[in-house]
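Working notes, structure below.
Everything quoted here is computed from the prediction, not taken from an experiment. Lettering of chains follows the sequences in order, A, B, ..., and the numbering in each one begins at 1.
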Protein chains: 2
Amino acid sequence: MATKKITSLEVAKLAGVSQSAVSRVFTPGASVSKKTNEKVRRAASKLGYRPNILARSLITGKSRIIGLVVSHLDNYFYPEALELLSNALQKKGYHVLVFMASKTSGNIDDVVDEILDYQVDSIILASVAMSSNLATRCTSAGVPVILFNRTQDDNRLSSVTSDNFAGGKKAARFLIAGGHKRIAYIAGWEGASTQRDREAGFVKELKEHGISLYAYEVGNFVRDEARQAARKMFTADEIPDAVFVASDDMSFAVMDVIRFELGLKIPEQVSVVGYDDVPVASWPAYDLTTVRQPANRMVAETISIILECIEDKETKPRRIQIDGPLVIRGSARISNK
Amino acid sequence: MATKKITSLEVAKLAGVSQSAVSRVFTPGASVSKKTNEKVRRAASKLGYRPNILARSLITGKSRIIGLVVSHLDNYFYPEALELLSNALQKKGYHVLVFMASKTSGNIDDVVDEILDYQVDSIILASVAMSSNLATRCTSAGVPVILFNRTQDDNRLSSVTSDNFAGGKKAARFLIAGGHKRIAYIAGWEGASTQRDREAGFVKELKEHGISLYAYEVGNFVRDEARQAARKMFTADEIPDAVFVASDDMSFAVMDVIRFELGLKIPEQVSVVGYDDVPVASWPAYDLTTVRQPANRMVAETISIILECIEDKETKPRRIQIDGPLVIRGSARISNK
DNA sequence: TTATTTCTTGCATACGAATGCAAATACTTC
DNA sequence: GAAGTATTTGCATTCGTATGCAAGAAATAA
């Protein structure tokens, strides 16, 4: 197996210049004459030379690798975000190293340690939290950490989320305006700031209208648990006439239970409102009214924060909240019946 | 910003040994005495030392990074596969560097070049092809390439797919047994071997029963195009009574058109069979009969090939086809009406 | 105890590219 | 053409770790 390694030295030899010259040709902004540049490029492409990013990283201290920790790829909001993120970073010359955080155990710290081993330029935690201890490690290692779709009470961490509190309020306002009287909520995982904020906003708005939650169950952002929650909620004596579900993903499960297991009509008997606006929400089979998380804008913000941090170490952490609209579709009544 | 870099040298100093000793402690299988080992480990954890993978790679020639090229994260088969892949590799001490191949332009070669820059130990192309020229580059760089869910006529590339031909046959056999008389097909992108094999198997089986395709449209594995295809196919004079769609993803779009735009009943008036068995297929709203691609077994095979190639350069490329069952649900009639 | 073998250890070097510095070359200007 | 400035270039070193080699320590055999 002719495992050839073409190094800058060989290119230099062929081009009749020094290794430094070759390096400079491939270093944007370095001082090289037109002639040398051409000679080197010709030799390089002849040999199929490409700079070794790893070797370069060793010196520059920049790996052009961004570590991404994800745990919920089965929630279709994340594949979309991943795709946007990866594409955008790719355009900027960075690439994404993926780390799965198992949903069960809270071993995020171990995972982040592994990430640091790769000398990543930055870490994105998608819907995942980290220990304060580890945040210290990252900070002192000079690796900026950005929480995506999650916040945390640690002022060293930047975060980008949708405005979950406002989103919760929007959902409530909409259901109230629709004349619903028995309004319920199916919660996500209580450890998630997104869940807490959505609930808080929702409950707050209800309260401001003198309404209190008619029913409450926890789905933990897991479809099966959402199903259970729905079964429990909608087999009671007098069932809710509206339910706000903390994620689209759970909403689909809830709708399926309501329609196919319990034979109820949506939205005639029960209105359902979700959160995320993943692609499936717009499919006619669900046609889900939901609060949109503008993935593209969230990603854009994330990336701008990352690049800023990488270029200028002194940037202080920011917390971005992006407002998302309520997307009105057919899963919830609009006027009072 | 106290950007401290803890190196093996500092650990060595603290532990009162040489840098080599530290290195050996962190190199599995190296010769170190129990005493030294302890001293070093104590010092290391005190300083929070962790070996720099990049520097290590420079010497060993192994980065423990696997490059993954994806292009269809919106088809929910891929997030699932990505999750399985990443998890399994993580357990083996490898990690996945993600590269998005834009669906539109065929710039795969550029992408793979970028991957090679990172000195990856192997490349997985998920549902993506590469030029023969580039395959040469990879081979000569000693980087094994594995096609996932795609084959290609290049005997230097390994591939792992489901048995698409057999899957197509199963779909046909099932529809025939269900007494369908006007059987149609909505194809994926013709450049994909998966598409071609599924179609070939399907048509072959029909032919063996003396049946020919009643209608044919192309959906290119894109939901919108599948919708168009369905509209065209099901507004004809005498519509098909069954359609095999080349992917679940397209199937959902097709079912939505059939039900909600055209007001037809599934499976009473039209039977639909898909391919993939993504999670959504089992949701009651679709309840799609489909040929399963066993993602977990496909991933397991992929990984075993990768590890084998990395350890033993002389392994020759393999082509694995994994048989998947037809999962019978409610979207297709079983008995002749 | 001494000779022999097996483990450990440190030294020095290598991996591939980037960069400060000083020497060399090219370009201006008078 | 000389003097001065701006631009290129090569040399040597550096990044953090792994590893062949030879010397030293420990264990075993005689």
Side-chain angles (χ1 to χ4, degrees), chain A residues 3-41 43-44 47-65 93 116-121 141-143, chain B residues 3-41 43-44 47-65 93 116-121 141-143:
Chain A
T3 303
K4 310 199 175 197
K5 298 247 178 196
I6 312 294
T7 74
S8 56
L9 200 64
E10 310 182 43
V11 177
K13 226 172 284 173
L14 179 61
V17 297
S18 73
Q19 181 268 327
S20 331
V22 177
S23 169
R24 286 195 246 268
V25 168
F26 289 93
T27 304
S31 152
V32 215
S33 73
K34 205 165 182 177
K35 208 170 63 185
T36 308
N37 184 61
E38 271 177 23
K39 275 194 297 183
V40 170
R41 289 206 181 277
L47 296 176
Y49 168 78
R50 301 202 115 221
N52 179 330
I53 293 200
L54 269 36
R56 170 181 291 170
S57 307
L58 199 50
I59 286 211
T60 61
K62 310 253 136 267
S63 61
R64 306 201 78 83
I65 297 178
L116 290 173
D117 293 350
Y118 282 92
Q119 312 299 112
V120 295
D121 291 344
V143 178
Chain B
T3 303
K4 310 197 175 201
K5 298 247 175 194
I6 312 295
T7 74
S8 55
L9 201 63
E10 311 182 42
V11 176
K13 228 173 281 175
L14 178 62
V17 297
S18 75
Q19 181 269 327
S20 330
V22 177
S23 169
R24 289 195 173 94
V25 169
F26 289 93
T27 305
S31 153
V32 214
S33 73
K34 206 165 181 176
K35 208 171 61 186
T36 307
N37 184 60
E38 272 176 22
K39 276 194 298 184
V40 170
R41 288 203 182 278
L47 296 177
Y49 169 78
R50 302 200 115 223
N52 179 330
I53 294 200
L54 268 35
R56 171 180 288 172
S57 305
L58 197 53
I59 287 210
T60 62
K62 310 255 136 265
S63 62
R64 306 199 78 82
I65 296 177
L116 290 173
D117 293 349
Y118 283 91
Q119 312 298 113
V120 296
D121 291 345
V143 178

No-H, no-angle donor-acceptor pair, [X] side chain to [N] base, under 3.5 Å:
X: B:Thr60; N: C:dC15; value: no
X: B:Arg56; N: C:dG16; value: no
X: B:Ser57; N: C:dC15; value: no

Would you indicate what A:Ser23 reaches in the nucleic acid, counting non-hydrogen atoms under 4.0 angstrom: base, sugar-phosphate, or nothing? base
Please classify the nucleic acid contact of A:Val22 as base, sugar-phosphate, or nothing, using heavy-atom distances under 4.0 Å. nothing
Measure from [atom1] on [X] to [atom2] on [N] and round the result to the nearest Å.
X: A:Glu10; N: C:dC15; atom1: CD; atom2: P; value: 11 Å
X: B:Lys34; N: C:dC7; atom1: NZ; atom2: P; value: 16 Å
X: A:Glu38; N: D:dT8; atom1: CD; atom2: P; value: 14 Å
X: B:Leu9; N: D:dT17; atom1: CG; atom2: P; value: 9 Å
X: A:Tyr118; N: D:dG16; atom1: OH; atom2: P; value: 19 Å
X: A:Asn37; N: D:dT9; atom1: CG; atom2: C1'; value: 14 Å
X: B:Ile6; N: D:dC15; atom1: CD1; atom2: P; value: 15 Å
X: A:Ile59; N: D:dA12; atom1: CD1; atom2: P; value: 16 Å

I want to check one thing: is the phosphate of [N], taken as OP1 and OP2, less than 4.0 Å away from some side-chain N or O of [X]?
X: A:Ser33; N: D:dT9; result: yes
X: A:Tyr49; N: C:dG16; result: no
X: A:Thr36; N: D:dT8; result: no

Do B:Arg64 and A:Tyr118 form a cation-pi contact, if we require the NZ or CZ to be under 6.0 Å from the six-membered ring centre and within 45 degrees of the ring's axis? no
Is the charged tip of A:Arg41 near the ring of A:Phe26: under 6.0 Å from the six-membered ring centre and within 45° of its axis? yes
Between [options], which nucleotide gets closest to the side-chain atoms of [X]?
X: B:Asn52; options: C:dG16, D:dT17, C:dG10; answer: D:dT17
X: A:Ser31; options: C:dC11, D:dT8, D:dA18; answer: D:dT8
X: A:Ser20; options: C:dA17, C:dA12, D:dG10; answer: D:dG10
X: A:Gln19; options: D:dT19, D:dT17, C:dA17; answer: C:dA17

B:Thr7 side, atom OG1; B:Asn52 side, atom CG - distance, nearest 0.5 Å: 10.0 Å
I need the minimum non-hydrogen distance between B:Val22 and B:Ser8, along with the two atoms involved. CG2-O, 3.7 Å
Contacts of B:Leu58 and B:Arg24 projected onto DNA chain D by closest heavy atom; the upstream (5') one is B:Leu58
Between A:Ser23 and A:Ser20, do the side chains contain a donor N or O and an acceptor N or O under 3.5 Å apart?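 A:Ser20 vs A:Ser23: no donor-acceptor pair found between side chains.
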Donor-acceptor contact below 3.5 Å, side chain B:Thr60 vs main chain B:Arg56: yes
